[in-house]
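The structure under discussion appears below in the form of C-alpha cells.
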Amino acid sequence: MKIDRLVGILAMLLQKDSITAPELADHFEVSRRTINRDIESLCEAGIPICTRQGINGGISIMENYRMDRMLLSSSEMQEILAGLRGLDSISGSRHYARLMEKLCVGSSQFVSGRDSMLIDLSSWYKDTLAPKIEMIQASIDEKRLLAFLYYAPGGESWRKIEPYYLVFRWSSWYVWGWCEWRKDFRLFKLNRMDKVMPCEQVFSERNVPMPDLSNERIFPGGIKVKALFAPEVKWRLVEEFGPQCFLEQENGWLLFQCDYSDRDHLVSWLMTFGDKVVLLEPEHIKNEIYSMAKKIMERYGRNDDGI
C-alpha cells in the first residue's frame with residue numbers, strides 16, 4: 001500500500017544521511033518512477049526533501065530540518081514488534097513483522113537479538129479463523145456488506161452487516177458492525193459465524209460509535225454466586241478470577257463469591273468441577289444442577305444407549 005511505503009521511505013530518510021532512488025525502488029520492489037512520485041507526495045506533505053545529482057548524489061532530508069532521527073527507542077520498537085508478531089500468529093504469515101522491519105532498516109539494534117516478549121493470538125480454530133479475519137478485513141477496507149449464518153443462544157439466523165471493526169477481547173475475536181436485521185450496531189463472535197461471504201453491495205460509512213467493551217456492558221452480572229470449592233481446584237479459581245476471589249476456611253475449602261452474568265454459562269462452569277464444588281447460592285441454580293444431575297444418573301443408568 002502507498003501509505004505503508006511512504007512511511008517506510010520517511011523512516012529510511014530519517015535514519016540515513018542519504019539514499020538513492022534505485023536503492024529505494026529495489027527495497028520496496030517498485031519502479032523508480034513510483035519512488036519519484038512518492039518523494040513528491042512527501043514534499044507536498046511538508047517534509048523538506050533534497051535531491052542531489054552526480055556520483056555522491058541521492059535523496060535526503062534538509063540538513064537544518066529538526067526532526068528526531070530516532071523515532072522510537074529500542075525497547076519501544078521491541079514492544080511494537082511483539083504486538084505485530086502477535087497479529088501474524090493469527091494467519092501464520094509475517095506481513096506485519098515485515099512492515100515494521102522495513103521501518104527499522106538501518107537500525108539493526110531494533111530487530112536483532114533475542115525477543116523478550118512473545119504473543120500468540122492463534123487458537124484451536126486457526127484454520128477456520130484466519131480466513132474469516134482476512135475476509136472481514138477486506139470487507140471493511142472495501143466497505144462491502146458481509147453476510148453470514150450466525151449461531152446464537154436463541155437459535156441460528158442469517159445476518160447481513162456493515163463491518164467496521166475487528167476486535168480481540170476476552171480471548172476471542174469479534175466483528176463490530178451495523179446489523180441490517182436489528183437496525184443497530186452489534187458485536188458478533190467470529191467462532192459463531194459460518195458461511196461468511198462478502199456481498200457485491202457496498203455501503204456508505206455511518207457515524208460509527210466505538211464498541212463499548214467494558215466488562216460491565218457485556219457481562220452485566222446480576223447472579224450472586226456463593227460456593228465452596230475443594231482445595232485441589234484452588235489453581236483454577238486463581239487462574240480465572242485471581243487470588244482475592246475466595247476466603248480459605250478452617251477445613252481447607254475455599255469460600256467463593258462473585259457476580260455472574262449468564263445462567264447457562266454458570267451452570268456449565270460449575271459442572272466442570274464435578275464433586276469439587278458445593279453451590280450454596282442462589283437456590284434456583286442449586287435446584288437446576290440437582291435436577292440435571294438426576295437426569296444424568298438416569299441416562300447413564302439405562303441399559304440402552306441412554307438417548
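Closest heavy-atom contact between Tyr150 and Met193: CD1-CG, 3.6 Å. For the pair Asn36 and Ala21, the tightest heavy-atom approach, listed with the atom from each and the gap, is OD1-CB, 4.4 Å. Residues Leu254 and Ala230 share a closest heavy-atom pair of CD1-O, 4.1 Å. Residues Met135 and Val196 come closest through the heavy atom pair SD-O, 3.2 Å. Nearest heavy atoms, Pro282 versus Ile223: CG-CG2, 4.1 Å. The minimum heavy-atom distance linking Ser139 with Pro163 is given by the pair CB-CG, 3.9 Å.
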Candidate pair Asp141 and Gln137, rule side-chain hydrogen bond (donor to acceptor under 3.5 Å, both in side chains), full reasoning: CA-CA 6 Å; Asp141 293 341; Gln137 186 63 62; 3.2 Å; yes
Between Arg236 and Thr272, does the side chain to side chain contact (heavy atoms under 4.5 Å, CB included) criterion hold? Intermediate values first, please. CA-CA 11 Å; Arg236 277 194 61 183; Thr272 64; 3.2 Å; yes
Before giving the answer on side chain to side chain contact (heavy atoms under 4.5 Å, CB included), spell out for Leu280 and Leu255 the whole-Å C-alpha distance, their side-chain angles and the decisive distance to 0.1 Å. CA-CA 10 Å; Leu280 303 177; Leu255 179 61; 4.1 Å; yes
Given Glu288 and Leu266, is the side chain to side chain contact (heavy atoms under 4.5 Å, CB included) satisfied, shown in steps? CA-CA 11 Å; Glu288 184 174 339; Leu266 171 60; over 6 Å; no
Do Leu270 and Phe229 pass the side chain to side chain contact (heavy atoms under 4.5 Å, CB included) test, and can you show the C-alpha distance, the side-chain angles, and the key distance before you say yes or no? CA-CA 10 Å; Leu270 289 170; Phe229 287 85; 4.1 Å; yes
Using the ring-ring contact (aromatic ring centres under 6.0 Å, His included) rule, take Phe188 and Trp181 through it: C-alpha gap first, then chi angles, then the decisive distance, then the call. CA-CA 13 Å; Phe188 297 93; Trp181 184 24; 9.9 Å; no
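Between Trp173 and Phe168, the two ring planes are tilted [angle within 30° to 60°].
Distance check: Leu13 CG to Ser18 OG gives 8.5 Å after rounding to the nearest 0.5 Å. Rounded to the nearest 0.5 angstrom, Glu200 CD and Leu145 CG are separated by 11.0 Å. Going from atom CG of Asn251 over to atom CD of Gln249 covers 6.5 Å, rounded to the nearest 0.5 Å. Here the NZ-CH2 distance, from Lys195 to Trp158, works out to 6.0 Å after rounding to the nearest 0.5 Å. Note that the CZ atom of Arg32 and the OG1 atom of Thr20 stand 8.0 Å from one another [nearest 0.5 Å]. With values rounded to the nearest 0.5 angstrom, Arg192 atom CZ is found 9.0 Å from Ser172 atom OG.
The shortest side-chain heavy-atom distance between Ile9 and Ile35 falls under the 4.5 Å cut-off. Side-chain contact check for Met12 versus Glu23: every heavy-atom pair is 4.5 Å or farther apart. For the pair Phe185/Cys179, no side-chain contact is recorded, criterion being any heavy-atom separation below 4.5 Å from C-beta on. Counting heavy atoms from C-beta on, the side chains of Leu24 and Val30 never come closer than 4.5 Å. Using a 4.5 Å heavy-atom threshold, the side chains of Thr34 and Asp38 count as touching. The side-chain heavy atoms of Ile61 and Leu10, taken from C-beta on, include a pair separated by under 4.5 Å. Looking only at side-chain heavy atoms (C-beta outward), Arg52 and Ser60 come within less than 4.5 Å of each other.
Taken together through direct or relayed side-chain contacts under 4.5 Å among Ile, Leu, Val, Met, Phe, Trp and Tyr, Leu237 and Ile285 form part of one hydrophobic cluster. A continuous path of ILVMFWY side-chain contacts below 4.5 Å connects Val238 to Trp269, so both sit in one hydrophobic cluster. Linking Ile, Leu, Val, Met, Phe, Trp and Tyr residues whenever their side-chain heavy atoms come within less than 4.5 Å places Val277 and Met271 in a single cluster. Cluster membership check: Ile161 does not share its hydrophobic cluster with Val202, using side-chain heavy-atom separations under 4.5 Å among Ile, Leu, Val, Met, Phe, Trp and Tyr. One hydrophobic cluster, built from ILVMFWY side chains closer than 4.5 Å, holds both Ile289 and Tyr300.
More than 12 heavy atoms of other shown residues, nucleotides or ligands fall within 6.0 angstrom of atom CD in Glu240. The environment of Phe241 atom CZ is dense: over 12 non-hydrogen atoms of other residues, nucleotides or ligands sit within 6.0 angstrom. Heavy atoms from other residues, nucleotides or ligands lying under 6.0 Å from CD of Gln244 number 12 at most. Glu142 CD: more than 12 foreign heavy atoms inside a 6.0 Å radius.
Looking only at distances, a side-chain donor or acceptor of Ser268 sits under 3.5 Å from a matching main-chain atom of Asp264.
The ring of Trp178 has its center no closer than 6.0 angstrom to the ring center of Tyr164.
With respect to Tyr165, the side chain to side chain contact (heavy atoms under 4.5 Å, CB included) criterion is satisfied by exactly one of Ile136, Val175, Leu187, Val208: Val208.
Lys224 and Glu281 are not joined by a salt bridge, as no carboxylate oxygen comes within less than 4.0 angstrom of a charged side-chain nitrogen.
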